[in-house]
Amino acid sequence: MEVPAILTERNLDAAAKLVHRYYAGTDKHGRTGTGSYFDGWAGRGDMETRDVLTDSDAIAVNMLGAPIPLKAWIALQEPTRAARVTDILRRIPTHVPLSSLTREQAIDLLTGSGPAMILRDELRRDAEAGLDIGAAAASRIMARKRSDLIPVWDITIGRVTGQRSSDTQWVDWHALLTDGTGLPERLAEIHKLSGIEQAISELRLMDVILWMFGKEPEFS
């Protein structure tokens, strides 16, 4: 995977405008978009409740336009299942940027039998029972709980990045963030230029920029 053009040096100002519009833009009633509340809703998902799926997480995911089917959410809250999810989450570090991991650490955490992959499979394991929450909602739950490590994926972002599925995006983004071409630094500069003061992880910034660009490429 290559770095999308909107994340390159020549498009810093355009990307910053997209971030500003996402977080500070308002509709005709003066209201900001629901997605702007995802990061900090109910005290965030990666703080006090970092290892537990809460109803606030489900509401936050819904804010991004990928509602979790109620029967699927109820299944995730079944005590044995919820305990299993908590056990997996405890194995995934919080507030550790994906860009800070070595290749070996990323592989151990994000691929094969790594805890992030196990969590993704656990969230989606009810597909045959008709309770699959889907790739987009699963990525949003994981991004809510581990915003520094897990990027959001949906068909809009996939279209911008040229990916048909989310299967390899974690290691693909890790490679781009650590290849020495300055993507983390550009993201920090975009955040600064946007004028948005709230804390936003590198991956969440990328999600916002790519999604906005995919929806409104002419805006940039």
Side-chain angles (χ1 to χ4, degrees), residues 1-25 33 35-40 44-46 60-61 63-66 92 94-101 106 109-110 116 120 135-217 219-220:
M1 186 174 78
E2 297 182 356
V3 174
I6 190 62
L7 295 177
T8 59
E9 186 74 28
R10 69 178 181 273
N11 286 318
L12 293 181
D13 288 336
K17 290 177 182 178
L18 293 175
V19 173
H20 183 85
R21 179 166 178 173
Y22 185 89
Y23 284 98
S36 65
Y37 294 93
F38 172 80
D39 309 81
R44 300 179 60 87
D46 55 1
V61 169
M63 290 173 176
L64 296 185
I92 306 174
T94 310
H95 310 308
V96 176
L98 182 60
S99 61
S100 72
L101 300 181
L109 185 63
L110 304 173
R120 188 196 70 171
S139 76
R140 284 162 167 74
I141 290 174
M142 296 181 71
R144 166 83 174 165
K145 307 310 288 186
R146 298 296 183 268
S147 62
D148 291 291
L149 278 175
I150 306 297
V152 167
W153 185 89
D154 66 11
I155 57 173
T156 300
I157 293 173
R159 185 169 63 250
V160 174
T161 60
Q163 292 181 313
R164 294 185 177 182
S165 78
S166 61
D167 290 348
T168 65
Q169 74 153 352
W170 299 343
V171 291
D172 289 342
W173 279 122
H174 177 263
L176 293 177
L177 286 162
T178 59
D179 65 1
T181 58
L183 180 54
E185 291 77 14
R186 291 198 300 277
L187 289 168
E189 181 64 15
I190 289 168
H191 191 181
K192 180 179 178 181
L193 290 171
S194 74
I196 301 301
E197 297 183 356
Q198 74 183 75
I200 310 171
S201 72
E202 292 173 349
L203 298 183
R204 178 66 174 137
L205 273 172
M206 290 199 308
D207 159 40
V208 167
I209 295 165
L210 296 173
W211 187 83
M212 287 290 286
F213 182 72
K215 290 291 187 179
E216 306 178 24
F219 176 75
S220 61

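Side chains are part of it too, since the values below use all heavy atoms of this structure and drop only hydrogens, waters and symmetry mates.
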Hey, does [Y] have a side-chain heavy atom less than 4.5 Å from the side chain of [X]?
X: L176; Y: W173; result: yes
X: M212; Y: V160; result: no
X: D207; Y: I157; result: yes
X: L210; Y: V152; result: no
X: V19; Y: L193; result: no
X: D172; Y: T161; result: no

If you measure from [atom1] on [X] to [atom2] on [Y], what distance do you get to the nearest 0.5 Å?
X: I150; Y: R144; atom1: CD1; atom2: CZ; result: 15.5 Å
X: L7; Y: I190; atom1: CG; atom2: CD1; result: 6.0 Å
X: L98; Y: R146; atom1: CG; atom2: CZ; result: 14.0 Å
X: W211; Y: R159; atom1: CH2; atom2: CZ; result: 11.0 Å
X: L109; Y: L101; atom1: CG; atom2: CG; result: 6.5 Å
X: R204; Y: D39; atom1: CZ; atom2: CG; result: 4.5 Å

(message) Donor-acceptor check, side chain of H191 to backbone of S201, threshold 3.5 angstrom: yes or no?
(response) no
(message) Checking the side chain of R186 only, and the main-chain atoms of T181 only, is there a donor and an acceptor separated by less than 3.5 Å?
(response) yes
Please report the shortest heavy-atom distance between [X] and [Y], naming the atom on each side.
X: A16; Y: S194; value: O-CB, 3.5 Å
X: A14; Y: I6; value: CB-CD1, 4.1 Å
X: M206; Y: L183; value: SD-CD2, 4.1 Å
X: T168; Y: Q163; value: OG1-NE2, 4.0 Å
X: L64; Y: G35; value: CD2-CA, 3.8 Å
X: P151; Y: Q169; value: O-NE2, 3.3 Å

(message) Run the side-chain hydrogen bond (donor to acceptor under 3.5 Å, both in side chains) test against S147 and tell me which residues pass, sequence neighbours left out.
(response) R44, D46
(request) Compute whether any side-chain donor of one residue and acceptor of the other, for E202 and S99, lie under 3.5 angstrom apart. (result) yes
(request) Apply side chain to side chain contact (heavy atoms under 4.5 Å, CB included) to I200 and Y23, showing your working. (result) CA-CA 11 Å; I200 310 171; Y23 284 98; 3.6 Å; yes
(request) Kindly write out the residues that satisfy side-chain contact (heavy atoms from CB on, under 4.5 Å) with I155, not counting sequence neighbours, or none if the list is empty. (result) W153
(message) How about CD on Q198, more than 12 heavy atoms from neighbouring residues, nucleotides or ligands closer than 6.0 Å, or not?
(response) yes
